[in-house]
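Letters go in sequence order (proteins before strands), and every chain restarts at 1. Since we're looking at a predicted model, the values are computed, not measured.
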Amino acid sequence: MDTIKGRVWVFGDNVDTDQIIPAERLVAANLDHLNDYIFEKVRPGFAQEVRKGDILVAGRNFGCGSSREHAPLSLIEAGFSCIIAESFARIFYRNSMNIGLLLVECKVDVREGETVEVDPDNGKVVAEGKEYSFPEYPPFISELVKAGGLMNLVREGRF
Amino acid sequence: MGKTIAEKILSEKSGKDARAGQVVMADVDYVMVNDVTGPIAFREYAKLNTGTMYKDRMVLIPDHYVPAKDVASAEQAKEMREFAHEHKLPNYFEIGKSGVCHQLMVEEGFAAPGRLIVGADSHTCTYGGINAFSTGIGSTEAAAAFATGKLWFKVPETIKVVVRGKFRKYVGGKDLILRIITDIGVDGANYKAFEFHGDVQNIPVADRLAISNMAIEAGGKAGIFPCDDLTREYIKDTVRGEYTPVDADPDAEYCQVLEYDLSELEPFVSYPHLPSNGRAVKDADVTIDQAYLGSCTNGRIEDMRIGAEIVKGRKVHPNVRFLVVPASQKVYRQMIEEGLMQIFLDAGAFISGPTCGACLGGYMGILAAGERAVASTNRNFIGRMGDKASEVYLAGPAVVAASAIAGRIVTPDQLEGN
Ligand code: SF4
């Protein structure tokens with residue numbers, strides 16, 4: 001995988017899926033523009049500010065709560081290239097890896113608006129001149145990421 | 001080294017010697033989707049073009065936005081109905097024969113001891129209450145399970161919860177699980193399973209289901225009870241097919257042990273905006289605008305009986321809207337047959353048919369800015385039940401009913417005349 005570089009948005013601990021995209025937006029008619037609603041209750045106007053390639057940095061337990069795949073989908077559609085968090089909630093982790101949103105489990109100190117660099121293959125993050133490392137993906141997960149998501153594995157009969 | 005219940009079920013279903021930490025591919029007994037998570041799964045499935053479909057294992061339950069609240073939700077429900085029709089799916093549950101998905105999965109006998117069940121809804125972990133390994137997944141992987149009948153699982157480590165003694169009156173499973181989540185935090189069990197041991201025979205099955213339901217609120221993948229006589233009795237009239245209960249080995253390995261004396265527990269309430277903000281109800285000083293008795297956590301007939309016992313002969317506080325939402329058509333019918341409807345109506349409660357509705361801030365009971373609700377539901381995140389400046393306090397059915405009468409959060413013992 002290529003190295004990713006992007007502008008950072010900073011969030012705290014326990015960002016739940018209701019914050020990422022509220023339940024009232026979860027109708028099929030919104031499926032092609034979920035990004036319009038990201039963080040609308042907690043950071044109004046956020047959807048308009050995010051640019052393609054941005055990176056979201058958060059604390060512990062990012063994505064806790066509902067199993068709604070709308071959460072990682074909306075973040076992909078908003079243009080995020082990757083989410084870095086100290087830890088991720090389980091279903092959000094599965095969903096993201098299954099649909100091709102790159103997650104990096106790493107505690108990173110960075111201010112909003114700064115640029116960070118992520119090197120997924122070598123497990124490295126560089127932020128404000130400081131280097132951080134994160135653990136290798138388990139073999140199955142890295143296969144999933146390389147295949148470009150779960151559906152490609154199924155299509156190729158590798159599932 | 002022996003195995004936990006989670007390791008045993010995943011070994012059985014994967015044909016491998018599954019141990020905590022490994023990733024295994026396992027056959028699922030059932031895969032459930034609802035009206036919110038279904039459409040993404042249907043679209044992903046259509047793109048797959050594999051020609052295979054495990055129809056008997058698929059369960060489709062519209063519950064979040066039905067009966068449709070507006071045109072958009074009507075379209076979404078239609079998408080599910082048409083998918084079920086087009087593929088001639090045997091397990092689609094139209095409103096009138098349906099209810100909140102997790103209640104239905106148990107009532108309709110899909111969930112059973114020893115089974116491996118996945119659902120595109122985070123509270124799928126509920127069926128651990130009857131000894132299943134069940135867990136929430138996403139829509140894309142539900143589509144993969146439609147096509148292949150299987151899914152990947154990381155075998156979880158297990159936290160052993162040992163309970164002793166008996167609940168006091170008006171204390172129940174909800175109080176225990178709120179207490180556990182408060183003790184270990186909302187990510188205290190991330191990627192792990194809970195397994196319950198000790199005097200579990202003192203915990204009624206309805207309470208076990210409420211406890212397992214909220215395993216996810218500590219980040220848990222599953223919350224599993226052993227199968228005993230109470231379990232067998234609870235499911236005997238409804239379970240589909242045979243089932244094989246699974247017990248942990250005596251020398252199974254656990255990553256953590258928690259111990260609780262049920263007789264020392266008191267009514268508990270979780271303050272906004274996390275389920276881990278729990279404290280004793282007797283220390284609460286919160287006036288409320290709404291009380292909500294329902295949901296996949298506490299919308300069973302047992303919860304309704306507790307609520308009715310408390311409100312009987314009393315009136316809902318003039319400043320409170322009391323919403324009573326049975327979790328299924330069957331619970332609704334039982335409430336009529338047992339005379340509970342009359343009691344709630346006499347008290348001045350609003351009673352609806354089964355739906356998720358206000359539990360997720362969907363419709364029918366949304367909170368305005370500044371309003372507070374006490375709810376027997378499972379989440380109190382920012383804006384969960386309405387405006388971002390509204391508040392949800394989580395509690396068990398007894399506290400919800402007592403609070404509806406008092407107009408503030410209280411235990412039944414604090415009500416006048418008790
Ligand atoms: S009742 Fe609430 S928590 Fe349960 S499935 Fe419905 S929305 Fe989710």
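A/S67 is not listed as a side-chain neighbour of B/I137, based on a closest heavy-atom distance of 4.5 Å or more. Considering only heavy atoms from C-beta on, B/W152 comes within 4.5 Å of A/R94 through its side chain.
To the nearest 0.5 Å, atom CG of residue B/D187 and atom CD of residue A/E86 are 9.0 Å apart. Distance check: A/Q19 CD to B/H273 NE2 gives 9.5 Å after rounding to the nearest 0.5 Å. Put simply, SG on A/C64 and CD on B/E217 are 8.0 Å apart, with the number rounded to the nearest 0.5 Å.
Looking at A/T17, there are no atoms closer than 4.5 Å to chain B (heavy atoms on both sides), in backbone or side chain. A/L153 does not touch chain B: none of its heavy atoms, backbone or side chain, sits under 4.5 Å away.
Side-chain atoms of A/K41 come within 3.5 Å of backbone N or O of B/G383 as a donor-acceptor pair. Put simply, the side chain of A/E69 gets close to the backbone of B/S139: a donor and an acceptor are under 3.5 Å apart. Checked by atom type and distance alone, the side chain of A/N95 pairs as donor or acceptor with a backbone atom of B/G138 at under 3.5 Å. The backbone N or O of B/V36 sits nowhere less than 3.5 Å from a side-chain atom of A/R68 that would complete a donor-acceptor pair.
A side-chain donor from one of A/R90 and B/T135 sits under 3.5 Å from a side-chain acceptor of the other.
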Stepwise side-chain contact (heavy atoms from CB on, under 4.5 Å) check, A/F140 with B/K154: CA-CA 10 Å; A/F140 178 79; B/K154 184 167 169 201; over 6 Å; no
Worked check of side-chain contact (heavy atoms from CB on, under 4.5 Å) between B/K388 and A/V42: CA-CA 8 Å; B/K388 62 173 188 282; A/V42 288; 6.0 Å; no
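Of the listed residues (B/D121, B/I40, B/T148), the one with the most heavy-atom contacts under 4.5 Å to chain A is B/I40. Chain B forms more heavy-atom pairs under 4.5 Å with one residue of A/L31, A/L73, A/D16 than with any other, namely A/D16. Among A/N30, A/V154, A/N152, A/I91, the residue making the largest number of heavy-atom pairs under 4.5 Å with chain B is A/I91.
Within a 6.0 Å radius of CD in A/E128, other residues, nucleotides and ligands contribute more than 12 heavy atoms.
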